[in-house]
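Counting from 1, the numbers follow the sequence of the chain as shown.
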Amino acid sequence: MKKLLSTSAIFLSPTVLVACSNNQSTTKDSSVQPKTEQTKANDKPASKKATSLDDFKKALESNGFTIKEEIKKSASLIQAESGKGFILEDDTAVEVYEYYEKNPMFEEAKKEKELIGHPAYIYGNYVVLVLNATDSKDKILESFKGFE
């Protein structure tokens with residue numbers, strides 16, 4: 001009896017796993033498809049909220065920028081939660097800092113549109129600085145236009 005149960009368990013396990021994995025892929029496909037169709041219909045990116053520092057990196061890369069170097073920034077100096085710097089191929093530096101909403105320095109940056117003496121661009125809870133800007137500054141900021 002034990003052998004019969006063991007054997008049937010061995011044969012049923014892969015079947016159950018395959019059945020579960022097929023349901024997941026079907027669910028993923030159906031949730032992705034409407035967004036793709038919606039984007040094609042509008043022909044412009046939908047406004048979305050940045051959820052991480054890497055979203056800014058992806059936005060730069062998708063807009064044709066090559067990132068030569070990525071640097072973790074010491075965000076505590078400007079009372080930010082985290083920060084990253086991206087050195088682009090033309091030596092323009094883009095720094096992105098994440099803040100919590102009630103942070104006094106963040107509130108001041110939003111009000112003054114400036115952070116540590118540089119023009120600051122606010123996207124949700126993120127502050128972007130474009131340093132050593134060349135002619136690419138407007139295109140860099142255009143990369144982030146879809147973020148709230």
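Ring centroids of F56 and Y126 are separated by less than 6.0 Å, placing the two rings close together.
Taken to the nearest 0.5 Å, the CG atom of N132 stands 12.0 Å off from the NZ atom of K137.
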>> One pair to check against side chain to side chain contact (heavy atoms under 4.5 Å, CB included): F144 and V94. What are the steps and the verdict?
In response: CA-CA 12 Å; F144 308 140; V94 179; 4.3 Å; yes
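Contact detail for V128 and Y123: the closest heavy-atom pair is CG2-CD1, 3.7 Å. Across every non-hydrogen atom of F147 and K49, the tightest pair is CD2-C, 4.5 Å. Of all non-hydrogen atoms in I78 and Y99, the two that sit nearest each other are O-OH, 2.8 Å. Counting all heavy atoms, side chain and backbone alike, T92 lies closest to D90 at OG1-OD1, 2.9 Å. Here the shortest heavy-atom pairing between L53 and S82 reads CD1-OG, 3.6 Å. Of all heavy-atom pairs spanning G83 and Y97, the tightest one is CA-CD2, 3.8 Å.
Using a cutoff of 4.0 Å between basic side-chain nitrogens and carboxylate oxygens, K68 and D91 are scored as salt-bridged.
Between the side chains of S52 and D54, no donor-acceptor pair of N or O atoms lies under 3.5 Å.
K57 pairs by the salt bridge (Lys or Arg N to Asp or Glu O under 4.0 Å) definition with E70, not counting sequence neighbours.
Looking at L88 and T134, their side chains never come closer than 4.5 Å, going by heavy atoms from C-beta outward.
Of the possible donor and acceptor atoms, none in the side chain of N63 sits under 3.5 Å from a partner among the backbone N and O of A59.
The side chain to side chain contact (heavy atoms under 4.5 Å, CB included) test with E95 singles out one residue from V130, L131, V127, and that residue is L131.
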Kindly list each side-chain donor-acceptor pair under 3.5 angstrom involving residues 104-119, sequence neighbours excluded, with atom names and distances?
from: K110; atom 1: NZ; to: E101; atom 2: OE2; distance (Å): 2.8
from: K113; atom 1: NZ; to: K110; atom 2: O; distance (Å): 3.4

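Clustering of Ile, Leu, Val, Met, Phe, Trp and Tyr by side-chain heavy atoms under 4.5 Å joins I87 with I71.
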